[in-house]
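Below: one structure, written as structure tokens.
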Amino acid sequence: QVQLVESGGGLVQAGGSLRLSCAASGHSFSSAAMGWFRQATGNERDFVAGISRSGVSTYDVDSVKGRFTISRDNAKNAVYLQMDSLAPEDTAVYYCAAAPRVSYGTSRRPIDYDYWGQGTQVAVSS
């Protein structure tokens with residue numbers, strides 16, 4: 001059984017930074033593409049960033065606009081999301097997810113992710 005546990009969320013002022021972490025257990029982490037999604041109240045769960053098994057990253061350019069950076073540390077079974085220049089529209093619950101069936105690159109589709117964390121709340125005040 002795969003478990004993903006996010007941490008690092010919180011309340012921050014606009015323009016500030018947060019670093020989200022996701023710790024994975026119970027699975028060969030290095031063999032899975034990983035992703036970060038977010039869901040604001042009343043909205044669908046949206047793709048934010050993904051990283052392939054080999055460390056190639058993909059971003060939702062429209063929403064992230066170069067402010068977020070995804071990375072992974074296979075030795076620690078962890079994936080991170082560095083978020084800079086945060087804005088109120090970034091307020092959401094952020095989810096870490098694993099996609100072991102994605103053999104090349106990453107996926108923007110939630111359906112391709114088999115394992116999800118419980119989410120961590122990020123709130124950005126203006």
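If you read the sequence from its start, that first residue is 1, and numbering goes on from there.
Residues passing the side chain to side chain donor-acceptor pair (under 3.5 Å) test with Thr120, sequence neighbours excluded: none. With sequence neighbours excluded, the residues forming a side-chain contact (heavy atoms from CB on, under 4.5 Å) with Val56 are Ser52, Ser54, listed by chain and number. For Ser85, there are no side chain to side chain donor-acceptor pair (under 3.5 Å) partners, not counting sequence neighbours. Every residue two or more places apart in sequence or in another chain was checked for a side chain to side chain donor-acceptor pair (under 3.5 Å) with Ser125, and none qualifies. Every side-chain contact (heavy atoms from CB on, under 4.5 Å) that Val122 has, sequence neighbours left out, goes to Leu18, Leu20, Met83, Tyr94, Val124. By the side chain to side chain donor-acceptor pair (under 3.5 Å) test, Gln82 is found to be paired with Asp84, residues two or more places apart in sequence or in another chain being considered.
With contacts defined as side-chain heavy-atom distances shorter than 4.5 Å, the pair Val48/Phe68 qualifies.
Hydrophobic side-chain contacts under 4.5 Å tie Tyr113 into a cluster, directly or through other members, with Phe37, Phe47, Val93, Tyr95, Trp116. The hydrophobic cluster analysis finds Ile111 isolated: no Ile, Leu, Val, Met, Phe, Trp or Tyr side chain comes under 4.5 Å of it, directly or through other members.
Atom OG1 of Thr58 and atom CD1 of Ile51 lie 9.0 Å apart (nearest 0.5 Å). One finds the OH atom of Tyr115 at 13.5 Å from the SG atom of Cys22 (value rounded to the nearest 0.5 Å). Atom OG of Ser57 is separated from atom CZ of Arg72 by 11.5 Å, given to the nearest 0.5 angstrom. For the atom pair Ser25 OG and Gln3 CD, the distance stands at 4.5 Å (nearest 0.5 Å). Taken to the nearest 0.5 Å, the OG atom of Ser71 stands 11.5 Å off from the CE atom of Met34.
The salt bridge (Lys or Arg N to Asp or Glu O under 4.0 Å) analysis of residues 46-58, with sequence neighbours excluded, yields no pairs. Identified under the salt bridge (Lys or Arg N to Asp or Glu O under 4.0 Å) test for residues 110-126, with sequence neighbours left out: Arg101-Asp114, Arg109-Asp112. Evaluation of the salt bridge (Lys or Arg N to Asp or Glu O under 4.0 Å) test over residues 36-45, restricted to residues two or more places apart or in two chains, returns Arg38-Asp90. Sorted pairs that involve residues 31-74 and meet disulfide bond (SG atoms under 2.5 Å apart), not counting sequence neighbours, are lacking altogether.
Closest heavy-atom contact between Asp60 and Ser63: OD1-OG, 2.8 Å. The two residues Ala14 and Pro88 come nearest to each other via the heavy atoms CB-CD, 4.2 Å. Nearest approach of Ala40 to Ala92, heavy atoms of both residues: N-CB, 3.8 Å. Leu4 approaches Ala24 most closely through the heavy-atom pair CD2-CB, 3.6 Å. Scanning all heavy atoms of the two residues, the minimum distance from Gly50 to Thr106 falls at C-CG2, 3.5 Å.
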Pair Cys96-Trp36, side chain to side chain contact (heavy atoms under 4.5 Å, CB included): steps then yes or no: CA-CA 5 Å; Cys96 170; Trp36 285 97; 3.9 Å; yes
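Using a 4.5 Å cut-off between side-chain heavy atoms of Ile, Leu, Val, Met, Phe, Trp and Tyr, with links allowed through other members, Tyr59 and Val79 fall into the same hydrophobic cluster.
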